[in-house]
A.B. asks: 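Here it is, the structure in full.
Naming: A, B, ... by sequence-line order, numbering from 1 per chain. Not measured: the values here are computed from a predicted model.
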Protein chains: 2
Amino acid sequence: MTSGRSSRGGAPTTEGVSRTASAKAPERGIPEATVARLPVYLRALITLSDREIATCSSEELAAAAGVNSAKLRKDLSYLGSYGTRGVGYDVEYLRYQIAREIGVTQDWPVVIVGIGNLGHALANYSGFSSRGFRIVALLDSDPARHGEPLGDRFIRDFADLETIVREHDVAIGVIATPAHAAQDVCDRLVACGVTSILNFAPSVLSVPEGVDVRKVDLSIELQILAYHEQRKSAAYDADALTEPEIAAAVVESA
Amino acid sequence: MTSGRSSRGGAPTTEGVSRTASAKAPERGIPEATVARLPVYLRALITLSDREIATCSSEELAAAAGVNSAKLRKDLSYLGSYGTRGVGYDVEYLRYQIAREIGVTQDWPVVIVGIGNLGHALANYSGFSSRGFRIVALLDSDPARHGEPLGDRFIRDFADLETIVREHDVAIGVIATPAHAAQDVCDRLVACGVTSILNFAPSVLSVPEGVDVRKVDLSIELQILAYHEQRKSAAYDADALTEPEIAAAVVESA
DNA sequence: CTCAGTTTGTTCCCACGTTCACAAACTCCT
DNA sequence: AGGAGTTTGTGAACGTGGGAACAAACTGAG
Ligand SMILES: NC(=O)c1ccc[n+]([C@@H]2O[C@H](COP(=O)([O-])OP(=O)(O)OC[C@H]3O[C@@H](n4cnc5c(N)ncnc54)[C@H](O)[C@@H]3O)[C@@H](O)[C@H]2O)c1
Ligand SMILES: NC(=O)c1ccc[n+]([C@@H]2O[C@H](COP(=O)([O-])OP(=O)(O)OC[C@H]3O[C@@H](n4cnc5c(N)ncnc54)[C@H](O)[C@@H]3O)[C@@H](O)[C@H]2O)c1
């Protein structure tokens, strides 16, 4: 296999270059910004699919996904040429191609660690399973919680982690413990072979090379909103000046 | 002080321009990427402060925040010159300056709409109030939930939204309803005068100019992890096949 | 077949963000 | 005071991402 060549859109002239992808190695790598948008496109396509729409233009899909159509086309071009000029994209076909590229045609086993307020909400969340993720275990270190039924599972001892990860070949872990426990839990997950971590705790995790961490931080999101909110008020308040400049500005405007 | 120009990075020559901030108006604007990191620095500083550390270098603070020290210094330089060369930064002073810049020295009233699984977790979350955000109302459209006690509040009718927003001068709203209700809730929030929205529902919200929306989307985060996870396996699996080859591969594997 | 109309895939250019590297500014020791 | 050592603030190089614009590739009518 891998014989086809077929000259992809990428580097056209630099065919059988022998040097080992010096410095710049795009090598089928999709830009991170594009990867982050593919799930959005996928969701939009599923919506169109549910409405039994067979075909759509980049303009329509872009509108549904809330992005610029040029950006959408460029994003999709990284995956290949799945559209037809003059026509548009076949919804089902494109949907499958994006799902395959992201990797959600297969099922990903996931463990959740820390079943408190947030962990309970996550465990009850149906959007998990409907998008290719299967919760194989809910783990907590608190013995008082062990055995508690939740969704279609029971809360289990965090000490069982290694057994579970091995048994189900778990690659993705979710951390929903307090911040002070997060690094420790993270280390244990990594030690068991988990290589992707979604962290809800407000703490900076350090992991070895090859392990991906993404964080979801509510406080940060709110603080970003607060920053912009403050600037909106300041706009008519006092044109956003630093304190020392205020005096000077007053003089100028006079 | 200051006043002496000192040639800021921004537009130096375009001093007292009369045109209304045409097109490019950096005008003391802090880069978005920097704004997103300031809360992380703030958290790191609070940790240092709790440990009664009075001073820190950019190197130390950067390590605590999980970023490059050059990036940290550049980020801080947008706020002003709050460090001392040869010494470092005063923890308390810098902490206050960042908090002020973000706007968390004041208290921001927040409403949460949709008190289901996620809404309950958010309502119980202590990290809200400890970071300058005060939940002034928990709203749900389901009459069965009205009056239910939660944290130090009760769940109230979504219809009360306008009264509450006016009374508390709420600028920030959190949406935790199902996706199909999100746009409607968003419109109602905006109509009442809310200008910043944090959206947990997996849907694209459209808002008028001047309203900020940030989304937190668990599924997207997991799908991004899945993408990278898939590439990790593919690396030694089959060197990344092109589409036409997939069909062949599938046949082979059968 | 040809031509007009449509829509994709790609190129080009600009803006933004990251990192390096170094002068400027400070402390401390002699 | 002066010089060695330290650390900030920033200019410049580099890389990534976004958007306009257009050639290429398709459809369908005449
Ligand atoms: N609740 C929210 O809405 C919310 C929002 C944003 C972020 N967060 C963050 O998510 C995390 C969890 O929040 P929460 O409200 O669910 O807290 P919580 O205290 O309700 O739950 C934490 C759970 O983790 C368990 N735990 C503690 N140490 C553990 C360990 N070493 N191993 C395994 N389990 C352990 C505890 O037994 C508890 O059940 C916190 O870091 C919080 O800051 C929560
Ligand atoms: N539960 C999770 O862990 C989780 C994780 C990520 C994203 N989400 C998303 O967050 C949202 C909420 O999830 P959930 O699990 O809490 O769902 P849920 O069904 O448990 O709760 C939704 C709540 O919203 C209320 N509601 C419905 N329509 C409303 C309206 N028009 N106005 C006001 N309230 C209304 C319902 O009465 C219900 O109480 C969903 O969009 C979900 O996809 C949830």
A.B. asks: Mind calculating the distance between OH (B:Tyr78) and P (C:dC16) to the nearest angstrom?
C.D. replies: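 Whole-Å distance recorded here is 10 Å.
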
A.B. asks: Once you round it to whole Å, what is the distance between P of D:dT8 and CG of B:Asp75?
C.D. replies: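 Computing the B:Asp75:CG to D:dT8:P distance gives 14 Å.
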
A.B. asks: For A:Phe200 and B:Leu218, which heavy atoms make the closest approach, and how far apart are they?
C.D. replies: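 Minimum heavy-atom contact is CZ-CD1, 3.7 Å.
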
A.B. asks: How close or far is atom P of C:dC26 from atom OH of B:Tyr82, stated in whole angstroms?
C.D. replies: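 Interatomic distance, OH of B:Tyr82 to P of C:dC26: 17 Å.
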
A.B. asks: For the side-chain contact (heavy atoms from CB on, under 4.5 Å) test, which of A:Arg73, A:Arg95, A:Gln97 pairs with A:Tyr89?
C.D. replies: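 Going through A:Arg73, A:Arg95, A:Gln97 one by one, the side-chain contact (heavy atoms from CB on, under 4.5 Å) with A:Tyr89 is satisfied by A:Arg73 alone.
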
A.B. asks: In this structure, how many angstroms lie between the P atom of C:dG9 and the CG atom of A:Leu76, rounded?
C.D. replies: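 It is 7 Å, rounded to the nearest whole Å.
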
A.B. asks: Give a yes/no on whether any side-chain N or O of A:Tyr89 is located under 4.0 angstrom from OP1 or OP2 of C:dG9.
C.D. replies: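 Looking at the OP1 and OP2 atoms of C:dG9, one of them is under 4.0 Å from a side-chain N or O of A:Tyr89.
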
A.B. asks: I'd like to know whether CD of B:Glu52 has more than 12 heavy-atom contacts from other residues, nucleotides or ligands below 6.0 angstrom.
C.D. replies: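 Check fails, neighbour count at 12 or below.
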
A.B. asks: So if I take residues 47-74 of chain A and measure heavy-atom distances to DNA chain C, which residues fall below 4.0 Å?
C.D. replies: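 Those residues whose heavy atoms fall under 4.0 Å from DNA chain C, taken from residues 47-74 of chain A in numerical order, are A:Ser57, A:Ser58, A:Arg73, A:Lys74.
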
A.B. asks: Closest-nucleotide mapping onto DNA chain D: is A:Ala33 or A:Thr84 further toward the 5' terminus? I mean the 5' end.
C.D. replies: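 So the residue in question is A:Ala33.
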
A.B. asks: Could you tell me the separation between the CG atom of A:Asp90 and the P atom of C:dT7, rounded to a whole number of Å?
C.D. replies: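 Rounding to the nearest Å, CG of A:Asp90 and P of C:dT7 are 16 Å apart.
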
A.B. asks: Is there side-chain contact between A:Gln106 and B:Ser233, with heavy atoms separated by less than 4.5 Å?
C.D. replies: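 A:Gln106 vs B:Ser233: side chains apart.
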
A.B. asks: Who pairs with B:Tyr93 by ring pair (Phe, Tyr, Trp, His ring centres under 6.0 Å), at least two apart in sequence or on another chain?
C.D. replies: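 Per chain and number, B:Tyr93 pairs via ring pair (Phe, Tyr, Trp, His ring centres under 6.0 Å) with B:Tyr82.
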
A.B. asks: Please state how far atom CZ in B:Arg85 lies from atom P in D:dT7, giving the value in whole angstrom units.
C.D. replies: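 Value for this atom pair: 14 Å.
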
A.B. asks: In whole Å, what is the span from the CZ atom of A:Arg37 to the C1' atom of D:dG19?
C.D. replies: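 Whole-Å distance recorded here is 12 Å.
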
A.B. asks: Measuring only between side-chain heavy atoms, which start at C-beta, is B:Val104 closer than 4.5 Å to A:Gln223?
C.D. replies: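 SC-SC contact between B:Val104 and A:Gln223 confirmed.
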
A.B. asks: Separation of B:Leu94 atom CG from D:dT8 atom P, in whole Å?
C.D. replies: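 To the nearest whole Å, that distance equals 11 Å.
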
